[in-house]
Amino acid sequence: MAQDYVWYQGIPFPVVDFYPEVIKAAHEELVLKGENIITVTYPKSGTHWVIEVLSLIHSKGDPNWIRSVPTYVRSPWIETASGNRCTVERKEGPPLISSHLPIQLFPKSFFTSKAKMIYVIRNPKDVLISGYYFWRFTNLAKKPESLEQYFEWFLQGHVPYGSWFDHVRGWMSMRKKENMLVLSYEQMKKDPRSMVERICEFLGKALEPGELDLVLENSSFQAMKENKMSNLPCIPEELVPAGFKINRKGIKGDWKNHFTPAQTQAFEETFREKMAGLPPELFSWD
Ligand code: A3P
């Protein structure tokens with residue numbers, strides 16, 4: 001890989017499908033509309049899961065759409081070149097969009113629009129482990145040689161999309177806005193039905209009980225693992241190896257199988273320092 005990252009305003013981005021001028025255009029020019037439904041996360045927090053649920057709410061549980069169209073076309077990432085084009089050119093279909101942008105680079109138009117945003121928070125220790133496997137086994141950005149190395153990069157924010165701590169702190173300043181719904185990955189795991197009900201309520205959409213069951217069935221971890229369209233299809237094998245799955249383990253607490261006691265302590269110290277002042281109930285993963 002010629003470059004490790006694409007940099008824009010001090011934030012490292014993956015190299016494939018990312019260009020500073022596209023990120024700048026997303027930030028400064030992209031016009032978000034009131035009808036847009038936006039999924040925003042720090043990578044590896046459950047983005048694909050929420051997009052699957054939103055897609056299925058749209059189709060009332062019918063899996064045809066999610067089984068025939070890739071996640072990144074159903075809900076394009078506005079900061080990528082292909083996603084930005086897809087967003088601007090889209091003429092039909094539900095107005096879903098996705099992003100991992102930190103708040104300071106997000107389209108300015110959002111902040112005066114009525115577009116609805118869902119932000120998902122996941123235990124950053126699990127985000128770290130999930131990210132390690134993702135960046136290590138794909139060729140989309142700088143590859144860590146070991147978990148020890150990735151651990152250091154993560155704490156310093158030298159990973160795609162920068163610091164988890166800054167991302168979450170930035171977006172949490174918006175958490176009380178009525179067009180923003182904050183979900184926790186761990187709560188979604190514990191009670192997926194309530195998660196779907198909360199999303200429906202937020203969007204003002206009603207589902208029949210049978211439709212809700214279908215949404216749950218078709219967005220389960222296993223169903224998503226088996227759905228090619230939810231696991232980065234149609235990407236050259238030299239970038240994403242054949243058989244690679246976004247749906248890796250889908251559990252809470254996998255960090256416990258990986259962190260040493262010293263890493264746990266170092267992580268918790270950084271967490272306390274960087275997240276000081278935010279309400280602890282935002283981070284209820286244990
Ligand atoms: P793991 O790598 O820990 O398994 P993102 O979509 O933001 O890239 O997040 C990917 C993570 O969400 C992966 O975590 C993946 O397994 C998990 N995930 C995706 N769909 C899920 C589902 N239906 N239920 C639980 N976890 C899911």
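We count ligands from 1, going down the list as the structure has it; atoms in each ligand are counted the same way.
The protein non-hydrogen atom at the shortest distance from atom 7 (O) of ligand 1 is Thr47 OG1, 2.4 Å. Here the protein heavy atom with the shortest distance to atom 8 (O) of ligand 1 is Lys44 NZ, 3.0 Å. With respect to atom 23 (N) of ligand 1, the closest heavy atom belonging to the protein is Ser219 O, 3.0 Å. For atom 22 (C) of ligand 1, the nearest non-hydrogen atom of the protein is Trp49 CD2, 3.4 Å.
When all heavy atoms of Ser230 and Glu52 are compared, the pair lying nearest together is OG-OE2, 2.7 Å.
Residue His48 approaches ligand 1 through these ligand atoms, each under 4.0 Å from one of its heavy atoms: 5 (P), 6 (O), 8 (O). The Gly46 neighbourhood of ligand 1 comprises atoms 5 (P), 6 (O), 7 (O), 9 (O), 12 (O), with distances under 4.0 Å to a heavy atom of that residue. Interface atoms of ligand 1 facing Gly250, defined by a heavy-atom separation under 4.0 Å, are 1 (P), 4 (O), 16 (O), 25 (C), 26 (N). In the vicinity of Met224, heavy-atom distances shorter than 4.0 Å reach the ligand 1 atoms 20 (N), 23 (N). Every atom of ligand 1 is numbered from 1 in the order shown, and the set under 4.0 Å from a heavy atom of Ile246 is 10 (C), 13 (C), 15 (C), 16 (O).
With Tyr133 as reference, His258 is the one residue of Lys245, Arg248, His258 to meet the side chain to side chain donor-acceptor pair (under 3.5 Å) rule. Considering Phe154, Phe151, Tyr150 as possible partners of Phe259, the one that fulfils the ring-ring contact (aromatic ring centres under 6.0 Å, His included) test is Phe151.
Under a cutoff of 6.0 Å and an axis angle of 45°, Lys142 and Trp153 form a cation-pi pair. A cation-pi arrangement is absent between Lys252 and Tyr185, since the terminal nitrogen or guanidinium carbon is not both under 6.0 Å from the aromatic centre and inside a 45° cone about the axis. Geometrically, Lys44 engages Phe134 in a cation-pi contact defined by less than 6.0 Å to the ring centre and at most 45° from the axis.
The heavy atom nearest to atom 18 (N) of ligand 1, considering only Thr39, Asn247, Ile129, is found in Asn247. Relative to atom 14 (O) of ligand 1, the option among Arg248, Glu52, Arg122 with the closest non-hydrogen atom is Arg122.
Between Asp254 and ligand 1 there is no heavy-atom distance shorter than 4.0 Å. Between Asp126 and ligand 1 there is no heavy-atom distance shorter than 4.0 Å. Within the 4.0 Å heavy-atom shell around ligand 1 one finds Tyr185.
Under the 4.5 Å side-chain heavy-atom criterion for grouping Ile, Leu, Val, Met, Phe, Trp and Tyr, Tyr19 is not connected to Val16 through any hydrophobic cluster.
Asn218 contributes a side-chain N or O that, together with a main-chain N or O of Leu214, makes up a donor-acceptor pair within less than 3.5 Å.
Taking distance alone, with nitrogen or oxygen atoms compared against 3.5 Å, Ser45 approaches ligand 1 more closely than that limit.
Between Phe13 and Tyr8, the two ring planes are tilted [angle within 30° to 60°].
Under 4.0 angstrom from ligand 1, the non-hydrogen atoms of Ser130 come from both its backbone and its side chain. At a 4.0 Å heavy-atom cut-off, ligand 1 touches Ser220 through the backbone alone.
Counting heavy atoms from C-beta on, the side chains of Ile57 and Val196 come closer than 4.5 Å.
No donor-acceptor contact under 3.5 angstrom links the side chains of Trp65 and His58, judged on distance only.
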